[in-house]
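Numbers restart at 1 for each chain; the letters A, B, ... are given by sequence-line order, proteins then strands.
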Number of protein chains: 2
Amino acid sequence: MNFATLPRGFHFDAFRRISPVNEDSLWDIIFARNAHHITVKRRAPALANLQKIFSATFCLANQRGFGAMNLRDLCRESGLSMGGLYGYLQSKDQLSAMIEDVIRYLCEQLPGWFDHVSDTTDQVEAILRAHIYLSEMLHPWFFFVYLEARTVPTAQRKQAIAAELAIESHLARLLGQESRLSNAQDRLLAAHAMALIQDWHLKRWKYRREKISIDAFADSVIALVRARLTGA
Amino acid sequence: MNFATLPRGFHFDAFRRISPVNEDSLWDIIFARNAHHITVKRRAPALANLQKIFSATFCLANQRGFGAMNLRDLCRESGLSMGGLYGYLQSKDQLSAMIEDVIRYLCEQLPGWFDHVSDTTDQVEAILRAHIYLSEMLHPWFFFVYLEARTVPTAQRKQAIAAELAIESHLARLLGQESRLSNAQDRLLAAHAMALIQDWHLKRWKYRREKISIDAFADSVIALVRARLTGA
DNA sequence: AAATAAACCGAGCATTTGCTCGGTTTTTTG
DNA sequence: CAAAAAACCGAGCAAATGCTCGGTTTATTT
(Lines give C-alpha, C1' and ligand atoms only; values in the text may rest on other atoms or scores of the structure.)
Protein backbone atom coordinates (compact mmCIF):
# COMPACT_ATOMS: atom_id res chain seq x y z
CA MET A 1 0.00 0.00 0.00
CA ASN A 2 1.32 3.43 -0.88
CA PHE A 3 -1.34 5.51 0.85
CA ALA A 4 1.45 6.86 3.03
CA THR A 5 2.54 9.04 0.11
CA LEU A 6 -0.73 10.97 0.17
CA PRO A 7 -0.42 14.50 1.57
CA ARG A 8 -2.75 15.93 4.22
CA GLY A 9 -6.09 16.94 2.69
CA PHE A 10 -5.42 14.98 -0.53
CA HIS A 11 -7.87 15.41 -3.37
CA PHE A 12 -9.46 13.10 -5.93
CA ASP A 13 -6.74 13.01 -8.58
CA ALA A 14 -4.05 12.19 -6.05
CA PHE A 15 -6.14 9.40 -4.57
CA ARG A 16 -7.07 7.94 -7.93
CA ARG A 17 -3.44 7.86 -9.02
CA ILE A 18 -2.26 5.70 -6.16
CA SER A 19 -5.35 3.65 -5.39
CA PRO A 20 -4.78 -0.04 -6.09
CA VAL A 21 -8.51 -0.52 -6.62
CA ASN A 22 -10.30 1.27 -9.44
CA GLU A 23 -12.73 0.73 -12.33
CA ASP A 24 -10.23 -1.52 -14.12
CA SER A 25 -8.67 -3.55 -11.35
CA LEU A 26 -12.05 -4.45 -9.92
CA TRP A 27 -12.74 -7.32 -12.34
CA ASP A 28 -9.77 -9.21 -11.00
CA ILE A 29 -11.10 -8.95 -7.48
CA ILE A 30 -14.58 -10.06 -8.53
CA PHE A 31 -13.18 -13.01 -10.47
CA ALA A 32 -11.03 -14.10 -7.54
CA ARG A 33 -13.77 -13.74 -4.92
CA ASN A 34 -16.26 -15.77 -6.98
CA ALA A 35 -13.96 -18.34 -8.57
CA HIS A 36 -15.69 -21.20 -6.77
CA HIS A 37 -19.00 -20.82 -8.59
CA ILE A 38 -17.91 -19.30 -11.91
CA THR A 39 -17.70 -22.20 -14.34
CA VAL A 40 -15.70 -20.18 -16.85
CA LYS A 41 -12.10 -20.80 -15.84
CA ARG A 42 -10.10 -18.99 -18.50
CA ARG A 43 -9.15 -15.58 -17.26
CA ALA A 44 -9.42 -13.48 -20.43
CA PRO A 45 -13.02 -14.16 -21.44
CA ALA A 46 -14.11 -14.22 -17.81
CA LEU A 47 -12.89 -10.70 -17.07
CA ALA A 48 -14.36 -9.36 -20.32
CA ASN A 49 -17.75 -10.94 -19.69
CA LEU A 50 -17.89 -9.96 -16.05
CA GLN A 51 -17.41 -6.40 -17.21
CA LYS A 52 -20.22 -6.75 -19.75
CA ILE A 53 -22.55 -8.37 -17.23
CA PHE A 54 -22.08 -5.87 -14.43
CA SER A 55 -22.10 -2.85 -16.70
CA ALA A 56 -25.38 -4.04 -18.17
CA THR A 57 -26.75 -4.75 -14.70
CA PHE A 58 -26.03 -1.22 -13.53
CA CYS A 59 -27.44 0.23 -16.71
CA LEU A 60 -30.75 -1.56 -16.15
CA ALA A 61 -31.02 -1.98 -12.38
CA ASN A 62 -29.82 1.45 -11.33
CA GLN A 63 -32.62 2.91 -13.45
CA ARG A 64 -35.66 0.68 -12.84
CA GLY A 65 -34.48 -1.29 -9.82
CA PHE A 66 -33.04 -4.78 -9.60
CA GLY A 67 -36.41 -6.44 -9.07
CA ALA A 68 -37.83 -4.89 -12.21
CA MET A 69 -34.87 -5.96 -14.33
CA ASN A 70 -35.24 -9.36 -15.99
CA LEU A 71 -32.58 -11.66 -17.35
CA ARG A 72 -33.67 -11.27 -20.96
CA ASP A 73 -33.09 -7.55 -20.77
CA LEU A 74 -29.75 -8.29 -19.19
CA CYS A 75 -28.79 -10.65 -22.02
CA ARG A 76 -29.70 -8.10 -24.68
CA GLU A 77 -27.84 -5.32 -22.89
CA SER A 78 -24.73 -7.38 -22.12
CA GLY A 79 -24.57 -9.20 -25.45
CA LEU A 80 -24.39 -12.60 -23.77
CA SER A 81 -26.87 -15.41 -24.13
CA MET A 82 -28.89 -16.94 -21.35
CA GLY A 83 -26.57 -19.91 -21.16
CA GLY A 84 -23.46 -17.76 -21.33
CA LEU A 85 -24.73 -15.66 -18.49
CA TYR A 86 -25.23 -18.69 -16.29
CA GLY A 87 -21.55 -19.52 -16.56
CA TYR A 88 -20.96 -16.60 -14.21
CA LEU A 89 -23.80 -16.95 -11.76
CA GLN A 90 -26.12 -19.58 -10.38
CA SER A 91 -29.16 -17.39 -9.91
CA LYS A 92 -30.37 -13.87 -10.41
CA ASP A 93 -30.06 -13.17 -6.70
CA GLN A 94 -26.43 -14.13 -6.77
CA LEU A 95 -25.80 -11.26 -9.13
CA SER A 96 -26.76 -8.72 -6.48
CA ALA A 97 -24.94 -10.77 -3.87
CA MET A 98 -21.68 -10.52 -5.81
CA ILE A 99 -21.98 -6.76 -6.05
CA GLU A 100 -22.82 -6.42 -2.40
CA ASP A 101 -19.93 -8.67 -1.43
CA VAL A 102 -17.14 -6.83 -3.22
CA ILE A 103 -18.21 -3.40 -2.00
CA ARG A 104 -18.49 -4.56 1.58
CA TYR A 105 -15.06 -6.15 1.27
CA LEU A 106 -13.54 -2.87 0.07
CA CYS A 107 -15.28 -0.84 2.79
CA GLU A 108 -13.85 -3.18 5.40
CA GLN A 109 -10.34 -2.69 4.04
CA LEU A 110 -10.56 1.07 3.66
CA PRO A 111 -10.10 2.33 7.24
CA GLY A 112 -6.91 0.31 7.61
CA TRP A 113 -5.33 2.16 4.70
CA PHE A 114 -4.75 5.12 7.00
CA ASP A 115 -3.52 3.54 10.21
CA HIS A 116 -0.19 5.32 9.66
CA VAL A 117 -1.71 8.80 10.00
CA SER A 118 -0.66 9.99 13.45
CA ASP A 119 -3.02 12.92 13.99
CA THR A 120 -6.42 11.39 14.66
CA THR A 121 -8.45 14.22 13.16
CA ASP A 122 -6.37 13.95 10.01
CA GLN A 123 -7.03 10.22 10.01
CA VAL A 124 -10.78 10.82 10.15
CA GLU A 125 -10.42 13.26 7.28
CA ALA A 126 -8.41 10.74 5.25
CA ILE A 127 -10.98 7.99 5.79
CA LEU A 128 -13.87 10.25 4.82
CA ARG A 129 -12.06 11.48 1.71
CA ALA A 130 -11.09 7.96 0.66
CA HIS A 131 -14.67 6.81 1.09
CA ILE A 132 -16.02 9.64 -1.03
CA TYR A 133 -13.38 9.20 -3.72
CA LEU A 134 -13.80 5.44 -3.86
CA SER A 135 -17.54 5.79 -4.24
CA GLU A 136 -16.86 8.16 -7.12
CA MET A 137 -14.64 5.70 -8.96
CA LEU A 138 -17.05 2.85 -8.33
CA HIS A 139 -20.19 4.94 -8.44
CA PRO A 140 -22.64 2.44 -9.97
CA TRP A 141 -21.46 -0.22 -7.52
CA PHE A 142 -22.05 1.91 -4.44
CA PHE A 143 -25.31 3.22 -5.79
CA PHE A 144 -26.57 -0.30 -6.40
CA VAL A 145 -25.51 -1.57 -3.00
CA TYR A 146 -27.18 1.27 -1.23
CA LEU A 147 -30.52 0.94 -2.98
CA GLU A 148 -30.66 -2.83 -3.35
CA ALA A 149 -29.21 -3.96 -0.04
CA ARG A 150 -32.63 -5.36 0.85
CA THR A 151 -32.62 -7.87 -2.00
CA VAL A 152 -29.62 -9.88 -0.80
CA PRO A 153 -30.17 -12.91 1.47
CA THR A 154 -30.59 -12.23 5.18
CA ALA A 155 -27.24 -13.64 6.26
CA GLN A 156 -25.35 -11.43 3.85
CA ARG A 157 -27.42 -8.39 4.78
CA LYS A 158 -26.43 -8.86 8.41
CA GLN A 159 -22.79 -8.86 7.38
CA ALA A 160 -23.33 -5.62 5.51
CA ILE A 161 -24.99 -4.00 8.51
CA ALA A 162 -22.16 -5.14 10.75
CA ALA A 163 -19.64 -3.66 8.32
CA GLU A 164 -21.35 -0.29 8.32
CA LEU A 165 -21.51 -0.25 12.10
CA ALA A 166 -17.82 -1.17 12.29
CA ILE A 167 -16.73 1.80 10.19
CA GLU A 168 -18.96 4.07 12.19
CA SER A 169 -17.58 2.82 15.50
CA HIS A 170 -14.08 3.28 14.19
CA LEU A 171 -14.86 6.88 13.27
CA ALA A 172 -16.58 7.53 16.58
CA ARG A 173 -13.57 6.23 18.49
CA LEU A 174 -11.19 8.45 16.55
CA LEU A 175 -13.45 11.46 16.96
CA GLY A 176 -13.68 10.80 20.68
CA GLN A 177 -9.93 11.19 21.08
CA GLU A 178 -9.95 14.79 19.93
CA SER A 179 -13.39 16.20 20.68
CA ARG A 180 -14.78 17.89 23.73
CA LEU A 181 -18.14 16.26 23.00
CA SER A 182 -19.84 13.46 24.91
CA ASN A 183 -19.55 9.85 23.77
CA ALA A 184 -23.11 9.92 22.50
CA GLN A 185 -22.37 13.06 20.54
CA ASP A 186 -19.28 11.47 19.04
CA ARG A 187 -21.33 8.51 17.85
CA LEU A 188 -23.93 10.82 16.35
CA LEU A 189 -21.27 12.84 14.59
CA ALA A 190 -19.82 9.65 13.13
CA ALA A 191 -23.28 8.65 11.93
CA HIS A 192 -23.77 12.07 10.36
CA ALA A 193 -20.42 11.76 8.61
CA MET A 194 -21.52 8.42 7.14
CA ALA A 195 -24.75 9.97 5.91
CA LEU A 196 -22.85 12.83 4.30
CA ILE A 197 -20.37 10.69 2.40
CA GLN A 198 -23.11 8.33 1.22
CA ASP A 199 -24.95 11.34 -0.14
CA TRP A 200 -22.31 11.66 -2.84
CA HIS A 201 -23.27 8.50 -4.66
CA LEU A 202 -26.94 8.74 -3.78
CA LYS A 203 -27.42 12.21 -5.21
CA ARG A 204 -24.69 12.48 -7.78
CA TRP A 205 -27.25 13.60 -10.36
CA LYS A 206 -27.87 16.66 -8.21
CA TYR A 207 -24.22 17.59 -7.78
CA ARG A 208 -23.53 17.01 -11.47
CA ARG A 209 -26.40 19.30 -12.39
CA GLU A 210 -25.16 22.06 -10.10
CA LYS A 211 -21.61 21.56 -11.34
CA ILE A 212 -20.27 20.84 -7.88
CA SER A 213 -16.98 18.98 -8.16
CA ILE A 214 -16.15 16.02 -6.01
CA ASP A 215 -13.31 17.97 -4.40
CA ALA A 216 -15.63 20.84 -3.48
CA PHE A 217 -18.02 18.30 -2.02
CA ALA A 218 -15.36 16.51 0.00
CA ASP A 219 -13.92 19.79 1.28
CA SER A 220 -17.40 20.84 2.40
CA VAL A 221 -18.03 17.61 4.28
CA ILE A 222 -14.67 17.90 6.02
CA ALA A 223 -15.32 21.54 6.91
CA LEU A 224 -18.66 20.60 8.42
CA VAL A 225 -17.25 17.83 10.58
CA ARG A 226 -14.27 19.96 11.67
CA ALA A 227 -16.57 22.85 12.58
CA ARG A 228 -18.51 20.60 14.91
CA LEU A 229 -15.31 19.31 16.49
CA THR A 230 -13.70 22.65 17.12
CA GLY A 231 -16.75 24.94 17.30
CA ALA A 232 -19.05 26.01 20.10
CA MET B 1 -52.32 26.26 10.72
CA ASN B 2 -51.18 26.55 14.31
CA PHE B 3 -47.48 26.13 13.81
CA ALA B 4 -47.08 29.65 15.19
CA THR B 5 -47.67 28.22 18.68
CA LEU B 6 -44.50 26.12 18.51
CA PRO B 7 -41.65 27.43 20.66
CA ARG B 8 -38.10 27.86 19.38
CA GLY B 9 -36.29 24.55 19.20
CA PHE B 10 -39.51 22.55 19.53
CA HIS B 11 -39.23 18.81 19.97
CA PHE B 12 -41.12 15.80 18.62
CA ASP B 13 -44.02 15.64 21.07
CA ALA B 14 -44.85 19.31 20.61
CA PHE B 15 -44.79 18.95 16.83
CA ARG B 16 -46.88 15.81 16.83
CA ARG B 17 -49.54 17.41 19.01
CA ILE B 18 -50.24 20.30 16.67
CA SER B 19 -49.46 18.77 13.28
CA PRO B 20 -52.58 18.57 11.10
CA VAL B 21 -51.05 15.68 9.20
CA ASN B 22 -50.23 12.43 10.94
CA GLU B 23 -50.64 8.65 10.66
CA ASP B 24 -54.44 8.94 11.00
CA SER B 25 -55.30 11.99 8.94
CA LEU B 26 -53.27 10.77 6.00
CA TRP B 27 -55.97 8.46 4.63
CA ASP B 28 -58.27 11.41 4.02
CA ILE B 29 -55.60 13.13 1.96
CA ILE B 30 -54.88 10.01 -0.06
CA PHE B 31 -58.57 9.43 -0.72
CA ALA B 32 -59.08 13.02 -1.86
CA ARG B 33 -56.00 13.13 -4.09
CA ASN B 34 -56.92 9.90 -5.86
CA ALA B 35 -60.72 10.20 -5.98
CA HIS B 36 -60.72 10.31 -9.78
CA HIS B 37 -59.50 6.76 -10.23
CA ILE B 38 -60.74 5.07 -7.07
CA THR B 39 -63.99 3.34 -8.04
CA VAL B 40 -65.04 2.88 -4.42
CA LYS B 41 -66.99 6.03 -3.64
CA ARG B 42 -68.23 5.45 -0.12
CA ARG B 43 -65.92 7.06 2.35
CA ALA B 44 -65.94 4.59 5.23
CA PRO B 45 -64.84 1.40 3.46
CA ALA B 46 -62.49 3.37 1.25
CA LEU B 47 -60.48 4.78 4.15
CA ALA B 48 -60.37 1.44 5.93
CA ASN B 49 -59.19 -0.42 2.84
CA LEU B 50 -56.64 2.20 1.86
CA GLN B 51 -55.14 1.75 5.28
CA LYS B 52 -55.04 -2.02 4.83
CA ILE B 53 -53.54 -1.75 1.36
CA PHE B 54 -50.76 0.69 2.18
CA SER B 55 -49.88 -0.93 5.47
CA ALA B 56 -49.53 -4.24 3.69
CA THR B 57 -47.51 -2.61 0.90
CA PHE B 58 -45.02 -1.18 3.36
CA CYS B 59 -44.82 -4.44 5.24
CA LEU B 60 -43.85 -6.28 2.06
CA ALA B 61 -42.13 -3.69 -0.11
CA ASN B 62 -40.01 -2.03 2.56
CA GLN B 63 -38.51 -5.42 3.26
CA ARG B 64 -37.95 -7.05 -0.14
CA GLY B 65 -38.45 -4.07 -2.43
CA PHE B 66 -41.46 -3.03 -4.47
CA GLY B 67 -40.40 -4.92 -7.57
CA ALA B 68 -40.10 -8.17 -5.65
CA MET B 69 -43.52 -7.79 -4.05
CA ASN B 70 -46.36 -9.38 -6.01
CA LEU B 71 -50.06 -8.69 -5.83
CA ARG B 72 -50.96 -12.07 -4.42
CA ASP B 73 -48.73 -11.44 -1.43
CA LEU B 74 -50.35 -8.04 -1.12
CA CYS B 75 -53.85 -9.56 -1.13
CA ARG B 76 -52.96 -12.05 1.55
CA GLU B 77 -51.29 -9.41 3.71
CA SER B 78 -54.05 -6.81 3.29
CA GLY B 79 -56.96 -9.21 3.52
CA LEU B 80 -58.50 -7.92 0.28
CA SER B 81 -59.13 -9.94 -2.83
CA MET B 82 -57.60 -9.28 -6.21
CA GLY B 83 -60.79 -7.63 -7.43
CA GLY B 84 -61.24 -5.63 -4.28
CA LEU B 85 -57.72 -4.31 -4.58
CA TYR B 86 -58.37 -3.10 -8.10
CA GLY B 87 -61.12 -0.84 -6.86
CA TYR B 88 -58.38 1.36 -5.44
CA LEU B 89 -55.80 1.27 -8.18
CA GLN B 90 -55.54 0.64 -11.90
CA SER B 91 -52.14 -0.98 -11.91
CA LYS B 92 -49.37 -2.08 -9.60
CA ASP B 93 -47.28 0.90 -10.64
CA GLN B 94 -50.01 3.27 -9.60
CA LEU B 95 -49.61 2.01 -6.06
CA SER B 96 -46.09 3.39 -5.83
CA ALA B 97 -47.20 6.51 -7.68
CA MET B 98 -49.84 7.25 -5.03
CA ILE B 99 -47.30 6.95 -2.25
CA GLU B 100 -44.80 9.12 -4.06
CA ASP B 101 -47.46 11.71 -4.78
CA VAL B 102 -48.70 12.29 -1.25
CA ILE B 103 -45.22 12.55 0.25
CA ARG B 104 -44.07 14.99 -2.40
CA TYR B 105 -47.23 17.03 -1.77
CA LEU B 106 -46.50 17.22 1.95
CA CYS B 107 -42.84 18.13 1.41
CA GLU B 108 -43.92 20.98 -0.84
CA GLN B 109 -46.24 22.32 1.85
CA LEU B 110 -43.81 21.97 4.73
CA PRO B 111 -41.47 24.96 4.27
CA GLY B 112 -44.46 27.32 4.14
CA TRP B 113 -45.53 26.24 7.62
CA PHE B 114 -42.76 28.40 9.07
CA ASP B 115 -42.96 31.59 7.03
CA HIS B 116 -43.92 33.42 10.22
CA VAL B 117 -40.58 32.73 11.94
CA SER B 118 -38.72 36.03 11.77
CA ASP B 119 -35.15 34.92 12.58
CA THR B 120 -33.93 33.12 9.48
CA THR B 121 -31.62 30.70 11.29
CA ASP B 122 -34.52 29.73 13.54
CA GLN B 123 -36.63 29.23 10.42
CA VAL B 124 -34.05 26.84 8.99
CA GLU B 125 -34.02 24.99 12.29
CA ALA B 126 -37.82 24.77 12.31
CA ILE B 127 -37.93 23.39 8.75
CA LEU B 128 -35.27 20.80 9.49
CA ARG B 129 -36.99 19.73 12.68
CA ALA B 130 -40.38 19.52 11.00
CA HIS B 131 -38.92 17.41 8.21
CA ILE B 132 -37.31 14.99 10.63
CA TYR B 133 -40.42 14.75 12.81
CA LEU B 134 -42.74 14.30 9.85
CA SER B 135 -40.58 11.52 8.47
CA GLU B 136 -40.80 9.89 11.88
CA MET B 137 -44.61 9.97 11.95
CA LEU B 138 -44.84 8.76 8.36
CA HIS B 139 -41.73 6.62 8.46
CA PRO B 140 -42.76 3.81 6.10
CA TRP B 141 -43.99 6.36 3.57
CA PHE B 142 -40.73 8.29 3.49
CA PHE B 143 -38.67 5.14 3.49
CA PHE B 144 -40.59 3.77 0.55
CA VAL B 145 -40.37 6.98 -1.46
CA TYR B 146 -36.67 7.25 -0.93
CA LEU B 147 -35.87 3.72 -1.99
CA GLU B 148 -38.47 3.28 -4.72
CA ALA B 149 -38.45 6.68 -6.38
CA ARG B 150 -36.98 5.06 -9.47
CA THR B 151 -40.04 2.88 -10.08
CA VAL B 152 -42.48 5.73 -10.69
CA PRO B 153 -43.08 7.00 -14.24
CA THR B 154 -40.58 9.50 -15.62
CA ALA B 155 -42.89 12.50 -15.54
CA GLN B 156 -43.65 12.01 -11.88
CA ARG B 157 -40.03 11.40 -11.03
CA LYS B 158 -39.12 14.74 -12.55
CA GLN B 159 -41.69 16.40 -10.31
CA ALA B 160 -40.14 14.71 -7.31
CA ILE B 161 -36.66 15.87 -8.25
CA ALA B 162 -37.92 19.40 -8.74
CA ALA B 163 -39.56 19.29 -5.32
CA GLU B 164 -36.34 18.21 -3.62
CA LEU B 165 -34.38 20.94 -5.38
CA ALA B 166 -37.00 23.52 -4.36
CA ILE B 167 -36.66 22.72 -0.67
CA GLU B 168 -32.91 22.78 -0.95
CA SER B 169 -32.89 26.14 -2.72
CA HIS B 170 -35.21 27.51 -0.07
CA LEU B 171 -32.83 26.37 2.65
CA ALA B 172 -29.80 27.72 0.80
CA ARG B 173 -31.44 31.12 0.43
CA LEU B 174 -32.26 31.28 4.12
CA LEU B 175 -28.77 30.15 5.10
CA GLY B 176 -27.29 32.76 2.80
CA GLN B 177 -28.94 35.55 4.73
CA GLU B 178 -27.10 34.75 7.93
CA SER B 179 -23.86 33.05 6.97
CA ARG B 180 -20.45 34.42 6.15
CA LEU B 181 -19.99 31.63 3.65
CA SER B 182 -19.96 31.87 -0.13
CA ASN B 183 -23.08 31.14 -2.17
CA ALA B 184 -21.64 27.82 -3.27
CA GLN B 185 -20.92 26.89 0.33
CA ASP B 186 -24.46 27.80 1.32
CA ARG B 187 -25.85 25.50 -1.34
CA LEU B 188 -23.59 22.69 -0.20
CA LEU B 189 -24.59 23.21 3.40
CA ALA B 190 -28.24 23.02 2.39
CA ALA B 191 -27.54 19.80 0.50
CA HIS B 192 -25.77 18.37 3.53
CA ALA B 193 -28.72 19.31 5.72
CA MET B 194 -31.04 17.40 3.36
CA ALA B 195 -28.78 14.36 3.51
CA LEU B 196 -28.73 14.48 7.30
CA ILE B 197 -32.48 14.66 7.76
CA GLN B 198 -33.09 11.92 5.21
CA ASP B 199 -30.70 9.74 7.16
CA TRP B 200 -33.29 9.50 9.92
CA HIS B 201 -35.74 7.43 7.93
CA LEU B 202 -33.07 5.64 5.92
CA LYS B 203 -31.18 4.32 8.93
CA ARG B 204 -33.81 4.24 11.61
CA TRP B 205 -32.88 0.65 12.36
CA LYS B 206 -29.43 1.88 13.39
CA TYR B 207 -30.68 4.64 15.66
CA ARG B 208 -33.25 2.34 17.24
CA ARG B 209 -30.56 -0.21 17.97
CA GLU B 210 -28.31 2.37 19.58
CA LYS B 211 -31.25 3.82 21.51
CA ILE B 212 -30.80 7.27 20.04
CA SER B 213 -34.04 9.21 20.40
CA ILE B 214 -35.43 11.31 17.60
CA ASP B 215 -34.96 14.44 19.70
CA ALA B 216 -31.29 13.65 20.32
CA PHE B 217 -30.90 13.09 16.59
CA ALA B 218 -32.62 16.34 15.62
CA ASP B 219 -30.62 18.30 18.19
CA SER B 220 -27.41 16.85 16.79
CA VAL B 221 -28.29 17.77 13.22
CA ILE B 222 -29.15 21.32 14.28
CA ALA B 223 -25.93 21.60 16.26
CA LEU B 224 -23.92 20.48 13.26
CA VAL B 225 -25.50 23.00 10.90
CA ARG B 226 -25.24 25.82 13.44
CA ALA B 227 -21.58 25.02 14.08
CA ARG B 228 -20.84 25.42 10.39
CA LEU B 229 -22.75 28.72 10.27
CA THR B 230 -21.11 30.32 13.30
CA GLY B 231 -17.81 28.44 13.43
CA ALA B 232 -14.41 29.05 11.94
C1' DA C 1 -88.73 -5.50 3.20
C1' DA C 2 -88.08 -5.06 -1.55
C1' DA C 3 -85.29 -2.82 -4.92
C1' DT C 4 -81.30 -0.73 -6.23
C1' DA C 5 -76.62 0.30 -5.97
C1' DA C 6 -72.11 -0.29 -4.30
C1' DA C 7 -68.39 -3.18 -3.00
C1' DC C 8 -66.06 -7.42 -3.05
C1' DC C 9 -64.53 -11.99 -4.45
C1' DG C 10 -61.28 -15.28 -6.78
C1' DA C 11 -60.80 -18.54 -10.61
C1' DG C 12 -58.88 -18.03 -15.03
C1' DC C 13 -56.28 -15.83 -19.06
C1' DA C 14 -52.28 -14.19 -21.42
C1' DT C 15 -47.85 -12.97 -20.66
C1' DT C 16 -43.55 -12.85 -18.40
C1' DT C 17 -39.75 -14.78 -15.90
C1' DG C 18 -36.00 -17.61 -13.90
C1' DC C 19 -33.58 -21.29 -15.29
C1' DT C 20 -31.94 -25.74 -17.91
C1' DC C 21 -29.76 -28.51 -21.29
C1' DG C 22 -28.61 -30.56 -25.72
C1' DG C 23 -26.30 -28.90 -29.36
C1' DT C 24 -22.88 -25.61 -31.67
C1' DT C 25 -18.95 -22.66 -31.99
C1' DT C 26 -14.56 -21.09 -30.44
C1' DT C 27 -10.17 -21.73 -28.30
C1' DT C 28 -6.37 -24.35 -26.67
C1' DT C 29 -3.44 -28.35 -26.79
C1' DG C 30 -0.39 -31.98 -28.77
C1' DC D 1 -4.04 -29.55 -38.50
C1' DA D 2 -6.67 -32.81 -35.77
C1' DA D 3 -8.47 -33.78 -31.19
C1' DA D 4 -9.95 -32.32 -26.90
C1' DA D 5 -11.63 -28.89 -23.91
C1' DA D 6 -13.78 -24.80 -22.84
C1' DA D 7 -17.19 -21.46 -23.71
C1' DC D 8 -21.38 -20.07 -25.64
C1' DC D 9 -26.01 -20.24 -27.61
C1' DG D 10 -31.17 -19.97 -27.38
C1' DA D 11 -35.45 -22.67 -27.73
C1' DG D 12 -38.32 -24.56 -24.33
C1' DC D 13 -40.25 -25.73 -19.59
C1' DA D 14 -42.61 -24.93 -15.31
C1' DA D 15 -43.84 -21.55 -12.32
C1' DA D 16 -45.11 -16.95 -11.24
C1' DT D 17 -47.37 -12.58 -12.18
C1' DG D 18 -50.40 -8.60 -13.55
C1' DC D 19 -54.87 -8.04 -14.51
C1' DT D 20 -60.05 -9.01 -15.88
C1' DC D 21 -64.76 -10.11 -15.34
C1' DG D 22 -68.97 -12.63 -14.30
C1' DG D 23 -70.96 -13.73 -10.25
C1' DT D 24 -71.89 -12.95 -5.14
C1' DT D 25 -72.30 -10.46 -0.94
C1' DT D 26 -73.07 -6.29 1.63
C1' DA D 27 -74.93 -1.78 2.26
C1' DT D 28 -78.15 2.00 1.20
C1' DT D 29 -82.48 3.85 -0.30
C1' DT D 30 -87.42 4.09 -0.71
Enumerate the residue pairs fulfilling ring pair (Phe, Tyr, Trp, His ring centres under 6.0 Å) with a member in residues 92-111 of chain B, sequence neighbours excluded, ordered by first and then second residue.
-> none
Can you tell me how far [atom2] of [N] sits from [atom1] of [X], to the nearest Å?
X	N	atom1	atom2	value
L60(A)	dT17(C)	CG	C1'	15 Å
L89(A)	dC19(C)	CG	P	9 Å
Y86(B)	dG12(C)	OH	C1'	15 Å

Sequence neighbours excluded, which residues qualify as side chain to side chain donor-acceptor pair (under 3.5 Å) partners of N49(B)?
->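 N49(B): side chain to side chain donor-acceptor pair (under 3.5 Å) contacts with Y88(B).
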What pairs with D28(B) under side chain to side chain donor-acceptor pair (under 3.5 Å), at least two apart in sequence or on another chain?
->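 Only R43(B) meet the side chain to side chain donor-acceptor pair (under 3.5 Å) criterion with D28(B).
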Charged N-O contact under 4.0 Å between R204(B) and E136(B) | yes
The helix from dA1(C)-dT30(D) to dG30(C)-dC1(D): angle between terminal helix axes, five bp per end, to the nearest 10 degrees, reads 20°
Quick one: list whatever passes ring-ring contact (aromatic ring centres under 6.0 Å, His included) with H170(A), sequence neighbours left out.
->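 Per chain and number, H170(A) pairs via ring-ring contact (aromatic ring centres under 6.0 Å, His included) with no residue.
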Return each pair, listed once, that meets salt bridge (Lys or Arg N to Asp or Glu O under 4.0 Å) where at least one residue sits in residues 79-96 of chain B; pairs must be two or more places apart or across chains.
-> none
Going 5' to 3' along nucleotides 6-17 of chain D, which nucleotides have protein heavy atoms under 4.0 Å from the base (write B), which only from the sugar-phosphate (write S), and which from neither (write -)?
-> SSSBBBB----B
Hey, can you pull the donor-acceptor pairs under 3.5 Å for the side chains in residues 126-134 of chain B, sequence neighbours left out?
| residue | atom | partner | partner atom | Å |
| --- | --- | --- | --- | --- |
| R129(B) | NE | E125(B) | OE2 | 3.0 |
| R129(B) | NH1 | Y133(B) | OH | 3.0 |
| R129(B) | NH1 | D219(B) | OD1 | 3.1 |
| R129(B) | NH2 | E125(B) | OE2 | 3.2 |
| R129(B) | NH2 | D219(B) | OD1 | 2.9 |
| Y133(B) | OH | D215(B) | OD1 | 3.3 |

Please report, to 0.1 Å, the donor-acceptor pairs under 3.5 Å made by any side chain of residues 56-70 of chain A, with sequence neighbours excluded.
| residue | atom | partner | partner atom | Å |
| --- | --- | --- | --- | --- |
| T57(A) | OG1 | I53(A) | O | 2.8 |
| N62(A) | ND2 | P140(A) | O | 3.3 |
| R64(A) | NH1 | D73(A) | OD2 | 2.9 |
| N70(A) | OD1 | R72(A) | N | 3.0 |
| N70(A) | OD1 | D73(A) | N | 2.8 |
| N70(A) | ND2 | D73(A) | OD2 | 3.3 |

